[in-house]
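Chain A is the first sequence line, chain B the second, and so forth, proteins listed ahead of strands; every chain is numbered from 1. Keep in mind that this is a model prediction, so the values were computed, not measured.
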Number of protein chains: 2
Amino acid sequence: MPRQVDHDERRRRLTEALLRIAGTRGLQAVSMREIAAEAGVSLRVVQYYFTNKQALLESGLAELGARMDRRVRQRAAATAGGLSTRGLFAAVLGAILPSDEQSRLDSLAWTAYYTAALTDPALAATGLTLPNALEDFLTERFAIAQQAGDVDADRDPRIEVAALLALANGLTSSVLSRQRSHEAAAAIIDYHLDRLFGPASTLRPPPG
Amino acid sequence: MPRQVDHDERRRRLTEALLRIAGTRGLQAVSMREIAAEAGVSLRVVQYYFTNKQALLESGLAELGARMDRRVRQRAAATAGGLSTRGLFAAVLGAILPSDEQSRLDSLAWTAYYTAALTDPALAATGLTLPNALEDFLTERFAIAQQAGDVDADRDPRIEVAALLALANGLTSSVLSRQRSHEAAAAIIDYHLDRLFGPASTLRPPPG
DNA sequence: GTTGTTAGGATACGACTGTATCCATTCAGG
DNA sequence: CCTGAATGGATACAGTCGTATCCTAACAAC
């Protein structure tokens, strides 16, 4: 075998270049040639490691999902002591909200993908499945906390969770458009978590 | 002067064609030729009545704003008797949520514009100004209702209004992706209005 | 050293984009 | 009637797009 190259590493670099473009100039600015330039390689290399533009886009979407997952776990791990239900919700919702430059770029790219998926059936198949799973998971946790008496009995778990996730998404959109700062958005989420769970008992996990 | 044509009417038809494409196939599918085909005219006609593609896109954005405004007023007018604070909020939030096929298409187009504006400074200038004005207006109304004793004194008007608007936006996004039905989203909004203002006192205005 | 596969540079193809130009038709004002 | 502006059909132009092809360099296996 001739000169061997780490294909996964090459693909990772190209995917990162793609997401950099999508986050700064939008998904419509993503072309094979732009990705090549951003990654500092030739067009042929991009073609060589991805059969299609479609494959490239799917790789970008997968990477975004992986990064989001990593952020949630990081925030959950940063919570001192065992993770309370409120801590879990704060971790998830805090991870959704863009908090630094990197997560802002990722969030922009995610929004671009989501919007594209609304009118592109090819992307819709892979891109719009995560929210439901997350909602179900959090609803279950919320219901358990409620049965334990940590939440008022008259709250509807399914509605509360759906609302919190929709709220985080709506706030994200306003943070991306710079209508609101990250801190203002985080305060709004805290305000609602306070109403649901009572005032926070421990230190807030650090942003990032 | 030779054969005279109603320019405003022509421009309106072309703008409608543009929004039809943006709502069904996305903003990236909008080209001068596609608009011409959708409107049943030649490419030259599109060029004749709009100097630029830019001008065409701005016209689409303006039309979307006008339609949204019309929907809010319609819902407000449909409310029996004088408009209560809750009625106002229900009208505005209900108008944001896509409720029929037409408002769904408009909402999709709006989302496409909003996403594009996040990375396109030309669109950002005209497109991202409405939300703030609406938020200020509703916050004022909310504060007045609170001083009149119609809302609990410990609610923060600015936060509550910002959260309601973000909630409506987030729910809209979930309705567009068919993660949730319009009815489910409307129920979530009602649930929160009930918590804020107490249970609804009058009939809910009809959808549409 | 020859061979054969892997890795990529260079270039080309047809489709599509926004925009510009050329030209024919229509019809009111003189 | 005739002239000139309004309207729009047809076509061209320079770019960019995704993709395909051709060809060369590198290097492990034999």
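- For the side chain to side chain donor-acceptor pair (under 3.5 Å) test, no residue two or more places apart in sequence or in another chain qualifies with B:T85.
- Phosphate proximity of C:dG8 to A:Y48: absent, as no side-chain N or O sits under 4.0 Å from OP1 or OP2.
- For B:R25, the side chain to side chain donor-acceptor pair (under 3.5 Å) partners are B:E34, not counting sequence neighbours.
- Between A:H7 and C:dT6 there is no side-chain N or O to OP1 or OP2 distance below 4.0 Å.
- A pairwise comparison of heavy atoms in A:R104 and A:P98 identifies CA-CB, 3.7 Å as the closest pair.
- Remark: B:A17 pairs with B:R20, B:I35, B:E38, B:A39 by the side chain to side chain contact (heavy atoms under 4.5 Å, CB included) rule, at least two apart or across chains.
- Sorted by first and then second residue, the pairs that involve residues 18-76 of chain A and meet ring pair (Phe, Tyr, Trp, His ring centres under 6.0 Å), not counting sequence neighbours, are A:H7-A:Y49.
- Minimum atom distance to the side chain of B:V5 is reached by D:dG8, of the listed C:dG9, D:dG8, C:dG8.
- With sequence neighbours excluded, the residues that form a side chain to side chain contact (heavy atoms under 4.5 Å, CB included) with B:R13 are B:E9.
- For the side chain to side chain donor-acceptor pair (under 3.5 Å) test, residues two or more places apart in sequence or in another chain that qualify with A:S174 are A:R180.
- Residue-level contact check: A:Y49 touches the backbone only, with heavy atoms under 4.0 Å from sugar-phosphate atoms and none from bases.
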Nucleotide-resolved protein contact map, nucleotides 12-21 of chain C, B/S/- at heavy-atom distance under 4.0 Å: B----BBBBB
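- Interface residues of residues 8-15 of chain B facing DNA chain C, ordered by number: none; criterion, heavy-atom separation under 4.0 Å.
- Listed by chain and residue number, B:E160 satisfy the side chain to side chain donor-acceptor pair (under 3.5 Å) test with B:R155 (two or more places apart in sequence, or in another chain).
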